[in-house]
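Here is how names work: the chains are called A, B, and so on, in the same order as the sequence lines, proteins then strands, and each is numbered from 1. Heavy-atom basis, side chains included; hydrogens, waters and symmetry copies ignored.
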Number of protein chains: 2
Amino acid sequence: MTDEPTVFVVDDDPSVRRSVVRLLESAGLRVEGFDSGEAFLEHRRRTGPACVVLDVRMSGMSGLELQRRLSATGRPMAIVFITGHGDVPMSVAAMKGGAVDFLLKPFDDEALLAAIDRAIGRDRAWLLEQQELAVLRIGYDRLTPREQQVFALVAAGLLNKQVAAQLGTSEKTIKVHRARVMGKMEAASLADLVRHAERLQITARHPD
Amino acid sequence: MTDEPTVFVVDDDPSVRRSVVRLLESAGLRVEGFDSGEAFLEHRRRTGPACVVLDVRMSGMSGLELQRRLSATGRPMAIVFITGHGDVPMSVAAMKGGAVDFLLKPFDDEALLAAIDRAIGRDRAWLLEQQELAVLRIGYDRLTPREQQVFALVAAGLLNKQVAAQLGTSEKTIKVHRARVMGKMEAASLADLVRHAERLQITARHPD
DNA sequence: GACGTAGTTCGGAAAAATCCCGAATAAGCC
DNA sequence: GGCTTATTCGGGATTTTTCCGAACTACGTC
């Protein structure tokens with residue numbers, strides 16, 4: 001998984017696909033072409049930063065349908081739509097679905113490249129976010145059930161004494177769990193631990 | 001400022017405006033009509049949850065221009081566009097600008113009401129977020145310069161001793177500041193304080 | 001049954017934070 | 001000169017957290 005971005009071009013019209021691929025390659029981008037949404041869905045794998053250039057109107061799976069499928073996966077890749085025969089409801093649906101842009105053919109080369117740039121930027125930010133979350137989740141998964149409970153309550157701001165009362169054990173025991181949580185979550189301070197809990201959306205209601 | 005939502009209808013065509021106003025009123029919504037973007041910008045004031053139904057093509061300020069002006073204000077209100085003569089680039093620009101929906105006339109009454117519902121929901125969420133942030137900011141503004149420094153460093157996870165070293169004072173002094181920060185920020189625990197710092201985007205780099 | 005591992009439990013000593021009281025210094029304002 | 005605010009400390013009692021080690025149970029493996 002390199003840091004070099006990849007653009008997936010999905011279009012069932014070979015001539016359009018070739019010309020788009022050539023344009024992007026001449027701009028120094030790594031490109032892979034597919035002649036249908038089905039082919040793209042099968043072929044995809046873990047990659048570095050990427051985006052999709054997608055024709056809305058295709059035989060077989062439509063562009064909007066592919067967009068839905070993609071957003072249902074764990075990797076909601078950024079999409080730039082291109083089309084020769086687009087209408088307003090279609091473009092609005094695409095944008096509501098999270099598309100980066102929706103370009104009408106014939107489009108400006110510059111416009112497409114600019115849209116792809118934004119799309120890759122968005123994907124890069126998403127990847128970075130996911131990588132950071134993955135590290136946190138790995139730590140969290142190593143917590144025992146008891147430690148997870150203590151984690152939630154400590155991050156909610158309860159004192160060890162209160163956590164102990166809540167869980168029906170002694171304060172001393174909570175101290176041990178707490179120390180293990182700090183270690184496994186690689187939190188250098190309570191502030192760190194609270195921030196990690198926030199990002200993992202770990203919550204516990206504070207009993208008044 | 002009540003909790004009852006208001007819909008602002010901006011359209012320079014009196015007949016369209018009247019019919020839209022009538023539709024929304026019959027749906028139980030509070031509605032105010034304007035015949036131009038300029039009139040709307042002048043007339044607006046603090047309100048409860050609200051949204052804007054906006055014609056893209058108007059004499060004077062266009063709908064897209066009004067959208068830009070609105071997003072530059074402190075209150076980026078949710079917009080539902082309606083138009084008789086919309087094209088794809090126009091709708092894409094509107095959606096990229098954050099519009100909730102972009103409807104072509106003649107549109108379904110149901111479609112408009114559904115879009116307005118989503119728009120008001122979005123504005124409600126925004127208002128709630130702003131209210132919570134306002135409370136935090138009021139607390140933060142009451143902090144003295146020194147207290148703000150201590151706040152940032154404590155929220156970053158430093159011990160009192162480390163904060164003292166960083167600011168060149170004694171640990172005892174930091175404890176006093178810290179207690180005042182907790183009080184003014186209405187933080188019941190350090191976890192609370194860290195979360196408040198997060199939402200206010202208060203950061204301080206931790207010197208290794 | 002013996003053995004290793006993981007999870008939960010707890011004691012005690014040292015460090016850190018909190019809370020109560022009070023107080024000195026300096027800057028700015030009327 | 002008085003008044004407020006900000007910043008800086010002290011002392012002592014209390015609470016909370018951290019770090020050392022260690023016992024007990026449950027579970028699966030050999």
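The pair A:Arg199-A:Glu129 counts as a salt bridge, with a side-chain nitrogen and a carboxylate oxygen less than 4.0 angstrom apart. Ion pairing between B:Arg75 and B:Asp123 holds under the 4.0 Å rule for side-chain N and carboxylate O. Checked for salt-bridge contact, B:Arg17 and B:Asp35 miss the test: no charged N lies under 4.0 Å from a carboxylate O. Looking at B:Arg22 and B:Glu25, no side-chain N of the basic residue comes within less than 4.0 Å of a carboxylate O on the acidic one, giving no salt bridge.
In this structure the side chain of A:Leu112 reaches within 4.5 angstrom of the side chain of A:Val20, judged on heavy atoms.
Atom-to-atom, CD of B:Gln162 to P of C:dA16 comes out at 9 Å; the value is rounded to the nearest Å. Taking atom NZ on B:Lys175 and atom P on D:dT16, their separation rounds to 15 Å, with Å as the unit. For the pair A:Leu159 CG and C:dC19 C1', the interatomic distance rounds to 14 Å; values are reported in whole Å. The distance from atom CG of B:Leu193 to atom P of C:dA17 is 14 Å, rounded to the nearest whole Å. Rounded to whole Å, atom C1' of C:dC20 lies 17 Å from atom CE of B:Met182. The interatomic distance linking A:Leu158 (CG) with D:dT15 (C1') rounds to 16 Å, in whole Å. If you take CG of B:Leu190 and P of C:dC19, they are 12 Å apart, rounded to a whole angstrom.
Checking the phosphate oxygens (OP1, OP2) of D:dT16, no side-chain nitrogen or oxygen of A:Asn160 falls inside 4.0 Å. The phosphate of D:dT15 (OP1 or OP2) has no side-chain N or O of A:Lys161 nearer than 4.0 angstrom.
Across all non-hydrogen atoms, the minimal contact from B:Pro49 to B:Arg124 is CB-CG, 3.7 Å.
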Identify the pairs formed between an N or O of the protein and an N or O of nucleotides 5-9 of chain D at a distance under 3.5 Å, and give each distance.
unit_1 : atom_1 : unit_2   : atom_2 : d
D:dT7  : OP1    : B:Arg146 : N      : 2.9
D:dT7  : OP2    : B:Thr144 : OG1    : 2.0
D:dT8  : OP1    : B:Arg146 : NE     : 2.8
D:dT8  : OP1    : B:Arg146 : NH2    : 2.6
D:dT8  : OP2    : B:Arg146 : NE     : 3.1
D:dT8  : OP2    : B:His177 : NE2    : 2.7
D:dC9  : OP2    : B:Ser170 : N      : 3.0
D:dC9  : OP2    : B:Ser170 : OG     : 3.1
D:dC9  : OP2    : B:Thr173 : OG1    : 2.5

